[in-house]
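First the structure, in the form of structure tokens, and then the observations on it.
Convention: sequence-line order gives letters A, B, ...; per-chain numbering from 1.
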There are 2 protein chains.
Amino acid sequence: MAPNKKKQLPSIEEFMPHLAYDSVIFGFNGQQLKILILEYQNTGFFALPGGFVKRNENVDDAVMRGLKERTGLDNIYLEQFHTFGSSSRSAPEIMRTILEANDYDVEDDYWMLDRFVSIAYYALINFNNVEPKPDELSDSISWYPLDQLPPLMMDHQEITEKALEILRDNLDKKLVGMKLLPQKFTMKELQKVYEEILGKKLRRTTFQRKMLSKDILVRHEKLFAGGAHKAPYLYSFKTVQTDQKASSEITHQTIKNTI
Amino acid sequence: MAPNKKKQLPSIEEFMPHLAYDSVIFGFNGQQLKILILEYQNTGFFALPGGFVKRNENVDDAVMRGLKERTGLDNIYLEQFHTFGSSSRSAPEIMRTILEANDYDVEDDYWMLDRFVSIAYYALINFNNVEPKPDELSDSISWYPLDQLPPLMMDHQEITEKALEILRDNLDKKLVGMKLLPQKFTMKELQKVYEEILGKKLRRTTFQRKMLSKDILVRHEKLFAGGAHKAPYLYSFKTVQTDQKASSEITHQTIKNTI
DNA sequence: TATTATTGTAATAAAATGAGACAATAAAAT
DNA sequence: ATTTTATTGTCTCATTTTATTACAATAATA
């Protein structure tokens, strides 16, 4: 790297030290469940999208902001699932390599080289027609199927595995499909979401009966152009207001549906 | 407070700034589910037991350590459940009052007056024969039934409610009864734990059949001295090793059983 | 017009749960 | 010593839920 044109690093005045977040962004394209991995330029390091929390910012908001800055994705469904607090969570060499590869001049006591406690979130999006963009830091970013992840830096593999575990547990409770599918979808597509997350095949008739009996779906017109067979109905999720968080939930959903 | 005999405050050199933990400690005495609340002397402030994380310490260990220091409880079952990261989580006046009530001299820029992100844990213990002791900071500490909590400072009420919600969700999955009961217990006691956590009565025969069919219980000798009626069997939980964490789980359990 | 593959639903079987009945029994009362 | 009492463990039957199979409906293709 040329030792000239050094850039200005983010200042510790702006952020809380020792505190970071990482996000496991699940995307579904109708076929496969994938997650978003970014690669730091000129380093070969693969990582979950993450960032830092400003001194006067809600952690939830920081994650939303950082995700938009780093991935171009806005207003996506986010849920905190675990905080990783091992004292071994520091990687000064790696962080230095990444920063220097981007032409930053890094002092030995620079705050990003310290130990970090990371609050981890998972996000759910339908990634048809969505093209995540790397940010100005020149990272590349792309989708990887869960069984074809590159080797991830630090404990990001462990974070990813925990995210999937929690996602499975929340599958029915949180109506996960709602966030991963377009507004209207077929029963087959919904089943595919479940199968991808659970990692196993489900029985068609049982699944259909179970979903219909839940009183969460609205049936719409049929979807033609499916092939040489009976056309399936399209469904959407009912927008039920179950609790005090309903309005913000609906915001999420509405925005998601317009992606 | 006399302005003499000022004591030395914990230094920011030792701890990570802006990072705290809070713990919701559930205890069961055979009858009622209670949680441990501490009262800061001379202030009237009630709070969950909490503390700070040393710069070179795992967060999990910090919670365990702090709990021992503050409550006298050792090696109890702990599980992280949520991190509270709202930017409004600071209470400089309250913290100053607490510290000054304990004869500390507090500078305006003292780190404990800052905003804190709090990692929340719940703990489960059987509190027969356990007498929590307040620490040297002269707090008093005692058990409160969930429906008779005093007004808690900051967002500690919200933290408590979230803990209970998570505990309910984990009831079957995590074998919560194992941590709250003595090593040997009757079916009625186990049912009582479930009822207290769920906040509703359960049907005796259905509960008994469900528990026995789970293949998690070992039946032991009968417990006499129960009253003018048939004596119930005593049960204990099977110690199954399901995954790689099994050995540490067993440690928890063994230690818990000797409390 | 027949063929094909898939969909929606009904019919039936199996499993899980709810609800009640009842005999067994340990301690207390007589 | 006998009866009474309350609770326990288990069984039965009813109801609900879930699994499995079967099959008619139908949109595109041959």
Side-chain angles (χ1 to χ4, degrees), chain A residues 30-32 168-169 171-173 175-177 181-238, chain B residues 28-32 168-169 171-173 175-177 181-238:
Chain A
Q31 291 299 318
Q32 255 191 319
R168 283 178 178 161
D169 286 350
L171 193 48
D172 284 307
K173 210 169 47 186
L175 249 44
V176 160
L181 289 166
Q183 190 191 12
K184 289 185 182 177
F185 49 87
T186 65
M187 192 61 74
K188 188 170 201 164
E189 290 172 318
L190 181 58
Q191 185 176 341
K192 187 74 181 160
V193 169
Y194 270 69
E195 290 178 337
E196 281 289 310
I197 292 173
L198 295 175
K200 67 178 180 190
K201 290 282 176 189
L202 299 175
R203 189 161 272 272
R204 182 182 65 90
T205 53
T206 306
F207 181 81
Q208 178 139 344
R209 180 167 40 76
K210 187 175 137 191
M211 285 300 136
L212 292 177
S213 71
K214 273 174 184 288
D215 195 42
I216 54 170
L217 295 178
V218 183
R219 178 175 284 180
H220 300 281
E221 73 281 5
K222 289 188 173 189
L223 170 68
F224 297 95
H229 52 75
K230 189 172 177 180
Y233 286 105
L234 286 169
Y235 298 87
S236 66
F237 287 99
K238 273 189 189 170
Chain B
F28 185 73
N29 62 355
Q31 292 298 317
Q32 253 191 321
R168 282 178 179 160
D169 286 350
L171 191 49
D172 285 307
K173 209 169 47 187
L175 250 42
V176 161
L181 288 166
Q183 189 193 11
K184 290 184 180 177
F185 49 87
T186 64
M187 191 61 75
K188 187 169 201 166
E189 290 172 318
L190 182 57
Q191 184 176 343
K192 189 72 181 162
V193 169
Y194 271 68
E195 290 178 337
E196 281 290 308
I197 292 173
L198 295 175
K200 66 179 181 190
K201 289 282 176 190
L202 299 175
R203 187 160 273 271
R204 183 181 65 90
T205 54
T206 308
F207 181 80
Q208 179 139 345
R209 182 180 43 190
K210 187 174 139 194
M211 285 299 135
L212 292 178
S213 72
K214 272 175 184 286
D215 195 41
I216 53 170
L217 295 179
V218 183
R219 177 175 285 180
H220 299 282
E221 74 281 3
K222 289 189 172 187
L223 170 68
F224 298 95
H229 51 75
K230 190 173 179 178
Y233 287 105
L234 285 169
Y235 298 88
S236 66
F237 287 99
K238 273 188 189 170

Sugar-phosphate or base contact per nucleotide [nucleotides 11-27 of chain C; S, B, -; heavy atom under 4.0 Å]: ------BBBBB--BBBB

Value in whole Å for how far the P atom of C/dA10 lies from CD of A/Q208: 11 Å

Qualifying residues under side-chain contact (heavy atoms from CB on, under 4.5 Å), relative to B/R219, sequence neighbours excluded: B/L212, B/Y233, B/Y235

Residues forming a salt bridge (charged side-chain N to carboxylate O under 4.0 Å, His left out) with B/K188, sequence neighbours excluded: none

Five-pair end axes of the helix from C/dT1-D/dA30 to C/dT30-D/dA1 and the angle they enclose, rounded to 10°: 10°

Whole-Å distance separating the CD atom of A/E221 from the P atom of D/dA27: 14 Å

Main-chain N/O of A/M187 paired to A/Q208 side chain as donor or acceptor, under 3.5 Å: no

For A/R209, all residues meeting side-chain contact (heavy atoms from CB on, under 4.5 Å), sequence neighbours excluded: A/T206

With sequence neighbours excluded, residues passing salt bridge (charged side-chain N to carboxylate O under 4.0 Å, His left out) with A/K173: B/D169

Polar side-chain atom of B/E195 near backbone of B/L202 as donor-acceptor pair, under 3.5 Å: yes

Qualifying ring-ring contact (aromatic ring centres under 6.0 Å, His included) pairs with a residue from residues 197-222 of chain B, counting only residues at least two apart or across chains: B/Y194-B/F207

Atom pair distance, as rounded to whole Å: CZ in A/F207 and P in C/dT6: 18 Å

Residues that A/K184 engages under salt bridge (charged side-chain N to carboxylate O under 4.0 Å, His left out), provided they are two or more places apart: A/E221

Protein-nucleotide distance (B/Y233, atom OH; D/dT7, atom P), rounded to Å: 19 Å

DNA chain C contacts among residues 185-195 of chain B, heavy-atom distance under 4.0 Å: none

side-chain contact (heavy atoms from CB on, under 4.5 Å) against A/E189, all qualifying residues, sequence neighbours excluded: A/L181, A/F185, A/T186

Salt bridge (charged side-chain N to carboxylate O under 4.0 Å, His left out) partners of A/K222, counting only residues at least two apart: none

A/L234 CG - D/dA27 P separation (whole Å): 14 Å

side-chain contact (heavy atoms from CB on, under 4.5 Å) partners of B/T205, counting only residues at least two apart: B/R203

